[in-house]
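In this chain, residues are counted from 1 in sequence order.
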Amino acid sequence: MKEYGIHQIRNIGLLSDGGAGKTTLAEAILFNAGVTNRLGKVTDGNTVMDYDPDEHRRGCSINAAVASFSYKNKKVNLIDTPGYANFISDTIGCLRVIDGAIFLVSAVDGLKVQTEKLWNSAKELGIPRIFFINEMDRSQAELEKVLEEIKDELGVKPILLTYPLGKGDDFAGVVELLTKKTLVYEGEEGKFTEVVEVPDEVKDAVEEAHNTLIEDIAETNDDLMEKYLEGEELSQKELMEALAQGVKEEKVFPVLIGSALLNKGVHSLMETMVEILPSPQERPPVKGVNPSTGEEEERKCSMDEPLAALVFKTISDPYAGKITLFKVFSGVLEGDSTVYNSSKETKERVGKPFFMAGKEQKPTDKVIAGDIGAVAKLKETGTGDTLCAPDAPFLFPPIPFPEPILSFAIQAKSRSDEEKISAALQRLMEEDPGLKVKRDEQTKELIISGLGQLHLETIVERLKRKYGVEVELQTPKVPYKETVKKKVKMQGRYKKQTGGRGQYGDVWIEIEPLPRGSGFEFEDRIVGGAIPRQYIPSVEKGIRGAMQEGVLAGYPVVDVKVVLYDGSFHPVDSSDLAFQIAGSLAFKKAVAQANPVLLEPIMTLEVISPDDCVGDVIGDLNAKRGKILGVEAKGKNQIIRAQVPLAEILRYAPELRSITGGRGTYSMEFSHYEEVPPHLAQKIIEKSKGEEGEG
């Protein structure tokens, strides 16, 4: 690939809900640009962007993929992003590196939830955006209805740049409204012939749409508007420049139409995207901090500035190793150089960089400001990290990846898999920021958390396919705890005679409840040497050991105070071990008499729900023993804050999706422990004893 200046680079993301046709559109674009010599199909599993076996099997994008190519003397880095919520982490990372976005909307299905969410994310980042209304070849296509949805749901005015020639089976091509150039397509690969005349049956409609377009563009520029109102002819050059500026300033949102599957209307989209969407140089400077001083700094997109690059994706392969994808925001990343990873505070040796085209790699000597590249085998660098010049440290703000919402306990099927599971999960976490893994210290379970059922099922498949590890997913155990509700005094006496030296320890303790969340307190009130000083820590150790398994259901005991106030010893037979056992016996007997109860973890839940679903969401939370803390408006949504027992929301993600039609989202964090209602506690205790019996 020849060298390009920054002004010739276009970093463009394809964004939408899953199933709108992003990968199919990417395939048509790459075919038209001469990157491929055939149109691959998602259904056939032979597209450039969906190259992962998981994607072939599921028929949808799971990973973001980048393809770099030349078109109209521009270098385009096209990023095909996942649209399903289960795989949205990659998309969030890509939003940080694109300079323009093409939002796909199906002419049949219209605007969907995830598209709206991504639109709002792109809007917050100030990314210029255009639309491609896809699937005009389907019989149920309704262009006007979709345009109304865009206007009503997204609150923007869509302006039509291309006009359809027919729809459904009769969809033959498009008219480019600025020039009235008519493109009619032939054959399965969308080859087109230019037709000078607009067909008679749409001539009046095209003329009206043409005039509306010119007026919409003129409104973005005072000078143009003045000329337009005075009846002067506006040149093609003036209109295109004003349109491009209006898109960059997010004043106008052009709409093009077509069929990605039949490659109709895609040529017009490609012309528009390279002419209207901005180069990296036309975007505002990026902001970050100098990690040495903590001061805010900014970097312009220039090769003269020091190097600052953001890692937005990691590909981890058991055979090829780790591939790091990044965008250079300033400076130049040279091959065979040393860079500073300011996120990890370490230096990295960079080998020969390359550009990506799906899974194919095109070697290069350097990656300049504004461009997107990749490098293999960086040791410490992960997704979200900043790479910069060692003598000019710079740190980008973190990428706000979504927090996991669904957790399972993961268990290896065999002993050999147990040994490999941690390393394999670590590699998968490197490439998937939406995946979290932790060991629950209380339940001893390995917990895997992700963005939904489909996400975690895909992780299980990858463990087997990539790393040969077979696992099972199970509902995680709830980390219940036990405590006491009244003050009790109890003796613990351990005496053992075995013929030789015996064992003797005798203690009196008092236990009492502490406020929730206090933990454990131990107080020594021994006077007069009733127990020698050297044995006091042994008593506490024995009590702490006994606290690990409560008397009700074997859960840890918390929020108790233990006072050691009396006891006795034997000058020969007493020992550390004897007093440990005595302390343990005293504690267990005391707890059994102190009205023990079961505690459960309570989570603070924040649910974002559409207005029309708020009642159903609140009703469901009430049914889950939830306490509603408050509701407040946020745009067209409501934020519901509640506290709910963890046991009731282990599978909340699919339930909320069902209640809200996929439009609701939530986050949660641990709040505190509360007593389990007696009728539920009894069931938990019985189940625990049943499991002990089986064991």
In terms of ring plane angle, is the pair Y666 and Y652 parallel, tilted or perpendicular, where the classes change at 30° and 60°? perpendicular
Restricting to non-hydrogen atoms, name the atom on C94 and the atom on A64 that form the minimum distance, rounded to 0.1 Å. SG-CB, 3.5 Å
For K123, does the NZ atom have more than 12 heavy-atom neighbours from other residues, nucleotides or ligands under 6.0 Å away? no
Does K167 pair with E142 as a salt bridge, N-O distance under 4.0 Å? yes
Looking only at non-hydrogen atoms, find the nearest pair between D417 and V469 and report the distance. OD1-CA, 3.7 Å
I'd like to know if the side chain of R641 and the backbone of L629 have a donor-acceptor N/O pair within less than 3.5 Å. no
Can we say K322 and E431 salt-bridge, meaning some charged N sits less than 4.0 Å from an Asp/Glu carboxylate O? no
Under the side chain to side chain donor-acceptor pair (under 3.5 Å) definition, can you give me all pairs with a residue in residues 105-117, not counting sequence neighbours? S106-E135
Backbone N or O of L454 within a donor-acceptor pair of the T458 side chain at under 3.5 Å? yes
Other residues, nucleotides, ligands: >12 heavy atoms within 6.0 Å of K438 NZ: no
Charged N-O contact under 4.0 Å between K264 and D137: no
Going by an N to O cut-off under 4.0 Å, is there a salt bridge joining R38 and E27? yes
Between L451 and H455, what is the shortest heavy-atom contact and its length? N-ND1, 2.8 Å
Plane angle bin for F329 and F396 - parallel if under 30°, tilted between 30 and 60°, otherwise perpendicular: tilted
With the threshold set at 4.0 Å, does a side-chain nitrogen-carboxylate oxygen contact exist between R625 and E648? yes
Whether N11 side chain and G370 backbone form a donor-acceptor pair below 3.5 Å: yes
So which atom in K344 and which in G382 form the shortest heavy-atom distance, rounded to 0.1 Å? NZ-N, 3.7 Å
Can any side-chain N or O of T91 pair as donor or acceptor with the backbone N or O of P82 at less than 3.5 Å? yes
